[in-house]
Amino acid sequence: MRQRGLAVLAAALLVVPLTPGAAQADPAHPFRDPSLPLETRVDDLVGRLTFDEKISLLHQYQPAIPRLGIEVFKAGTEALHGVAWSNDYRNNGAKVDATATVFPQAVGLASTWDPELINRVGSAVGDELRGFHRRDPVLWGLNTWAPVINPLRDPRWGRNEEGYSEDPLLTGAIATAYGRGLQGDDPDHLKTAPTLKHYAAYNNETKRDVTSSNVPQRVLNEYERKPFEIALNNDAATGVMASYNLINGRPATVDPDLAGIVRDWSDRRLFNVSDAWAPTNLTGSQQYFATQAEANAAILKAGLDSFTVNDTNAEPTTTAVKQALAQGLITEADIDESVGNALSIRFRLGEFDPDGGPHADISPSVIDSPAHRALARETAAEASVLLKNTGLLPLQAGGDVAVVGPLADKLYTDWYGGQLPYEVTVLDGIRERASSVTTAFGADRIALKDVATGRYVTGGSGPAGVVETTPTPAAQFDSVDWGDGVSTLRNVGNGKLLGYNWGPFVTVENNPTGWFVQQQFKLEEQSDGTYVLHYAGYETQESWFGANTYVTIGADGNLALGSPDAAGAARFTKEVLVDGVASAAATAKKARTAVVVVGTDPFVAGREVHDRTSTDLGARQEALIRAVRAANPNTVVVLQSSYPQTINWAQRHVPGILWTTHAGAETGHAVADVLYGDVNPSGRLTQTWYRSTAQLPDDLLEYDIIGSEQTYLYSDAKPLYAFGHGLSYTSFRYGVPRVRDGKVSVTVTNTGKRAGDEVVQLYTHQRSSRDATANKQLRGFQKVHLAAGHTKTVTFGLRPADLARWDQTRQRWVVETSVYDILLGPSSQDIRRREALAVRGETIPARDLAKETRAETFDAYAGVRLLDESKARGTVVGASKAGDWIAFRDAALRGGTTFTARAAGAGTVQIRLGSPTGRLLGTATVADTGGIYNYTTVTTSLARATGRQDVYLVPSPGLRLAAFHIR
C-alpha cells in the first residue's frame, strides 16, 4: 500500500505531506492483519494510540500518526450525483472542484424508479472517487457525504434537487441502490464510505440552525426516520450526518437517536459526523450550551464521532474535548468509542491492509471514461419524464426545428455537482437529428439608462458603472427571469454576468456561482415607469449584511449599494433592444416544429440556505411558452428544473411537455434520444406537482404532514401531476391481480406498437383505523421492460407486517385489523386494478390514562410546540399561546379523581372533556420550578368522569408538560 501510494504521487508530481517514518511502522501489529476480525483490529489500534492521538482523530481532518504508519484522513467528499468537490487539507480547507462525470441531479436519479440503474451510477461514482483518491489521497477522501435522503415534503425547500422523493419507501430504495453502488460489492471492504444526509426532519433553509422542526411521533417514525432506517437496514451506508436544525426543541447535533436507534438500524459499526460548523452553533446561534466543552461532550455522548468545524484547525475541538474530560463530562471510554467508530471505516476502506484492499488499484483512467459517459447518457434519458403528449412526440428525424429559450444552448450545474468535462446542450442534441435548426435565446436584451446622468450601465474589464452615452454592446444586458422575481444580467460585450463581488459591481463570472450567488437582481418597476435595481445576492439575507440592498450611483459613476429602499435608489429607464419573447416566437413560426427549453438555474431562486416562495416559472419564460405556442402549434416544451414547477397553462395548451433535471454533460443527447423516440420515456415523478403554491401550507416549517395533509399521502388537493406520473410512447394493460400468501401478482401487457418500460406501482389504502391514515401509500414498485405485444407477471411481496404504522398510544408499531385496498397502476392517481385484503391484526385499545402517559403521545393538537425534556433526551409539550391544547382520544375513564403531572416551568394545565373548551374537570397549578429543565410532580383533584371520552389538556404558556396520569 505504502509503495503504491508513493509511486502514484511521484507520477502525478504532487506535493503531499507524507508521513515521516511511516515505512518503519511495524507490519506485524495485529491491526495490520486483514485476517483478523474487524473489532479485533480496531481495538488493537485504539489501544496503541496515545490520548492526544486519539482525540486528534475526532476532527474532520484526522492527522497523520507517523510512528504507526497512519496517514492523513479527511472525512467528507461531496459525491451527490458524481464526484463534486472536496476541501484541501494543505490549503486551509480551500474548496477544490472535481471535473468528472456528472449524472442527473438526485431528484432526477430517483425519477428513473430504477434501483438497478442507480446502483450502477453509484458504482461509477465510487470508481471515480477512487480514481481521484489515487491521484491525491490527501485531498480526495473516501468518506462520501452522500446521499441526501430527507423526504421532499415541500418543493419550496431550497435543497429540493438534493433529495429523491416525497415518499419514504422510494427514497429509501434509491438511497440503498446508490449507497450500495458507492460501497461496492465486497462484503468486508468498502470502495467508498457513504454518509446519509441529514438526520433528520430537515426541509427548510431560512434560519435553519435556529428553527425547530415540530414533528409528532407518527410523522417522525413513519416519515422522517424511515428512509434512514431503510438504507441502514440494507447496509447501504456507513453512518449519518446530523442536520443543522433543531428537532422538537433539541439541536439535531445532539440528538440521542444518533447513539440509539440509528445505530440499532445497522449491524455494522457506524461513523456519524456533524455538519459544517454545527458544533459551534451549539454555543453560538443556538445558545444551547454555555461552553464548547459542554457542547463537545454532549456531541460525543449523543453519538457523533467527527467534528466538522474550524476548517482544518483541530485545536479548538481537541482543547474543548480535553476540558470536557477534565470536568468529568465524558470519560476516556466515550472518546475510545468514537475513535473506534472513525477508524472502523478506514479499516473497511482497506487503508491498513498490506495491499490496500480490493479497490486500491482503481486508477484515474475511470474518470469521465467512455463507459461512464454512456452511463450518464442512459441515466439522463431514463430520468426524463414525459408529462404530456397529444401525439406530437416522438418527433421524426429530419425536418426543420426551432430550438429556443434560455436553456436551449446552456447547461447548468449545482452546488453539489462537479464541473462538466464537456457539454452537449439540447440544441446540440437536436442538431444531430434535424435537417435544419434555428435558435433564439428567448431572453430580453435591455439597456439601463441612468435618469440622472443619461448614461448607460456599462460592463467590461473594470467596475460596472454608468459610462456609455449610447447602448453599445458593453452597455447591453441579456436578462433572464428565473422566478421569484429574480433575474440575471449577462453583459453582451464580454458575455459575463453582472455581479456584486463584494463591491464594486463587475461583469466577470460566466455563471451564477459562489456560496452567496452575487449575480442576482430584481428589476423593480416604479410608479413613474422607471426602474430600480434591487440586489438579491443571498448574503443580503444574512443578519450581518446591513440594510442597503438597492443600487445607487457613486461619485465615481460606479454602481454601488447605497440605499435600503427604492426611494433612495438610482432610477433607470429600461430600453428593450430585443424583445426575446417576440424574437423567439418569430423564429419558431418559420419552423415545422418548435422546442422551447425553459426552467431553472440551480444557483438562483433557491439553493442551500435559501428557500423559494413559490414554484412558478419565471414570468418571462412563461410568456415565452405562450408566444411560441401561439406562433407554432407543433410546440414541445422541455423543462429543465430542480423542483416541481407550476406550468398550468402549458399543460392545457402545449401538445408535448418533457421534464428533466439538470442532468449533466449528456443532457442534450438524452433529451434528443427521448424526443426522437430512440428511448421510450419511462421516468416517473417522485413528487406531487401542485397547481399553485396555495395548495401548500402557508408555513414551510409545517412538518406535520398528517395534520396539515401534505404530500400525495395525505393531500386531497387535485395536483397538476400526481406522484408517480409519467407517460410512454406505448400503452400497457393490467390484468386481474392475485393477492395470496404474502404476495401480490399482476400481469402487465404492452398493448402498443413499440417496446417500452412500465413502472408498476403498488399502493395500499387502509379502510378503517383508529387514526387518520394515508389516502394511498406506496408499498412497492418494479420497472419492467416489455416488447410490443408481450406480457409479464409482476410480483410484489406484501406481508401483514409491511402494513404496520406507528401507534402513538402505546409507542410501538402496530398492524390494525382492517380491510386494505390493494391498488395497482402506473401512478398514484392512475389506478388500473384494485383488490381487497382482509388483515387480522390488532384493535388499538382505549387509552388507559391511569398509566403514566407521555404528553407527546397526543392524538391531536393545536398550537403547542414539542420541546426538549432535557438537553440529553426526551420530548415534552409546551404551549405557544393561551388556548393551545393537546387531545387524548378514546380514553377509558374509570372515575379517577386525581390528576398527576410531571412538568417544568410555571403555569397551569386545564383538564377538559370533549373539546378544548368542554367540561372542566380540574386545573393543575405548577409553581415556578426555577428552570425549564427542573421538573416537579403536581397533583390536583378532578371531578369524576367515566366512560370512553376524549380528554383535552390545555397548558398555559411557560409550562413544559412531560407526563401525566388520571387515577
Side-chain angles (χ1 to χ4, degrees), residues 105 107 152-161 166 203-206 385 387-388 404-407 412 414 442-444 479-489 512 517 520-525 534 536 538 541 580-581 584 596-607 610-630 635 637-654 657-662 685 687-700 702 710-711 715 717-723 725:
Q105 291 176 305
V107 70
L152 299 180
R153 172 183 59 84
D154 191 313
R156 294 171 296 184
W157 183 32
R159 301 180 76 166
N160 190 89
E161 71 231 27
E166 69 184 39
N203 283 132
N204 67 280
E205 296 303 299
T206 303
V385 181
L387 298 176
K388 180 183 179 182
V404 302
L407 285 87
Y412 289 98
D414 59 69
D444 294 332
S479 173
V480 178
D481 177 1
W482 296 109
D484 272 0
V486 176
S487 297
T488 53
L489 299 171
V517 192
Q520 302 181 90
F521 297 88
K522 295 182 178 181
L523 276 166
E524 297 177 352
E525 186 174 10
H534 189 182
Y538 291 148
Q541 299 176 15
V581 170
V596 188
V597 192
V598 293
T600 66
D601 180 328
F603 275 81
V604 179
R607 203 207 68 185
H610 183 75
D611 295 311
R612 284 172 284 280
T613 59
S614 80
T615 56
D616 293 346
L617 193 62
R620 288 299 283 169
Q621 294 195 55
E622 179 76 25
L624 177 66
I625 294 173
R626 297 186 184 211
V628 172
R629 172 62 181 85
T635 292
V637 168
V638 173
L639 178 63
Q640 284 184 262
S641 68
S642 305
Y643 51 91
Q645 296 208 266
T646 306
I647 53 168
N648 298 326
W649 190 92
Q651 171 59 25
R652 290 194 302 269
H653 297 98
V654 175
I657 306 173
L658 182 72
W659 173 76
T660 176
T661 58
H662 298 277
L685 297 179
Q687 294 177 264
T688 302
W689 284 44
Y690 296 96
R691 292 179 180 273
S692 75
T693 308
Q695 292 181 321
L696 294 165
D698 292 336
D699 190 354
L700 182 61
E702 180 54 82
Q710 294 182 65
T711 77
S715 175
K718 184 179 180 181
L720 177 62
Y721 304 115
F723 173 81
H725 171 74

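As the structure is a computational prediction, the values presented were derived from the model and not from experiment.
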Exercise for the section: Output the distance between atom CG (D611) and atom OG1 (T206), rounded to the nearest 0.5 Å. Expected result: 4.0 Å

Problem - Euclidean distance, I657 CD1 relative to T635 OG1, rounded to 0.5 Å - result: 11.0 Å

Practice task
Calculate, to the nearest 0.5 Å, the distance between atoms CZ and NE2 belonging to R629 and H653 respectively.
Solution key: 8.0 Å

Problem - Taking every non-hydrogen atom, the tightest pair across L624 and P406 - result: CD2-CD, 3.9 Å

Practice task
Please answer whether the main-chain N or O of G606 pairs with a side-chain N or O of Y538 as donor and acceptor at a distance below 3.5 Å.
Solution key: yes

Exercise for the section: Kindly say whether R691 contributes a backbone atom to a donor-acceptor pair with the side chain of Q695 at under 3.5 angstrom? Expected result: yes

Fill in the blank from the handout: Which of K522, Q520, E524 passes side-chain hydrogen bond (donor to acceptor under 3.5 Å, both in side chains) with H534? It is E524

Exercise for the section: Answer whether the closest heavy-atom distance between the side chains of V628 and V404 falls below 4.5 Å. Expected result: yes

Exercise for the section: Would you sort out whether V596 and V654 count as a side-chain contact (heavy atoms from CB on, under 4.5 Å), showing the intermediate values? Expected result: CA-CA 10 Å; V596 188; V654 175; over 6 Å; no

Practice task
Starting from the C-alpha separation in whole Å, work towards a yes-or-no answer on side-chain contact (heavy atoms from CB on, under 4.5 Å) for Y690 and T615.
Solution key: CA-CA 9 Å; Y690 296 96; T615 56; 5.8 Å; no

Practice task
Find out whether H725 and W689 are in side-chain contact, i.e. whether some heavy atom of one side chain is under 4.5 Å from a heavy atom of the other.
Solution key: no

Problem - Residue pair N203 / L700, side-chain heavy-atom distance below 4.5 Å - result: no

Exercise for the section: Of all the heavy-atom pairs spanning P602 and R607, show the shortest one and how long it is. Expected result: O-CG, 3.3 Å

Fill in the blank from the handout: Nearest heavy-atom contact between V581 and A623 is CG1-O, 3.8 Å

Handout entry: Min side-chain heavy-atom separation P697-R156 under 4.5 Å
Key = yes

Exercise for the section: With the side chain counted from C-beta on, respond yes when Q640 and Y412 share a heavy-atom pair under 4.5 Å apart, and no when they do not. Expected result: no

Exercise for the section: Tell me, please, whether Y643 has R612 positioned over its six-membered ring: NZ or CZ under 6.0 Å from the ring centre and within 45 degrees of its axis? Expected result: yes

Problem - Shortest non-hydrogen separation from V480 to A443 and the atoms involved - result: CG2-CB, 3.8 Å

Practice task
Classify the side-chain pair N160/S642 by whether it contains a donor and acceptor separated by less than 3.5 Å.
Solution key: no

Handout entry: Exercise: identify the closest heavy-atom pair between P155 and L696
Key = CD-CD2, 3.9 Å

Practice task
Answer yes or no: is there a side-chain heavy-atom contact under 4.5 Å between W482 and T488?
Solution key: yes

Handout entry: Residue of the set T600, V598, D616 for which side chain to side chain contact (heavy atoms under 4.5 Å, CB included) holds with Q645
Key = T600

Practice task
Taking the side chain as every heavy atom from C-beta outward, state whether L523 and S487 have any atom pair closer than 4.5 Å.
Solution key: no

Completion exercise
All heavy atoms of E702 vs all of Q710, minimum pair found to be O-NE2, 2.6 Å

Exercise for the section: Check whether more than 12 heavy atoms from other residues, nucleotides or ligands sit under 6.0 Å from atom CG of D699, and answer yes or no. Expected result: yes

Practice task
Would you check if the side chain of Q621 reaches a backbone N or O of D481 as a donor-acceptor pair within less than 3.5 Å?
Solution key: yes

Exercise for the section: Check whether the side chains of S692 and T646 place a donor and an acceptor atom closer than 3.5 Å, and report yes or no. Expected result: no

Handout entry: Short side-chain donor-acceptor distance under 3.5 Å, T688 and E166
Key = yes

Handout entry: Side-chain touch L387/I647, heavy atoms, less than 4.5 angstrom
Key = yes

Fill in the blank from the handout: Output for pair (K388 NZ, Q651 CD), nearest 0.5 Å, gives 5.0 Å

Practice task
Would you please test T613 and D484 for side-chain hydrogen bond (donor to acceptor under 3.5 Å, both in side chains) and show each step?
Solution key: CA-CA 7 Å; T613 59; D484 272 0; 2.8 Å; yes

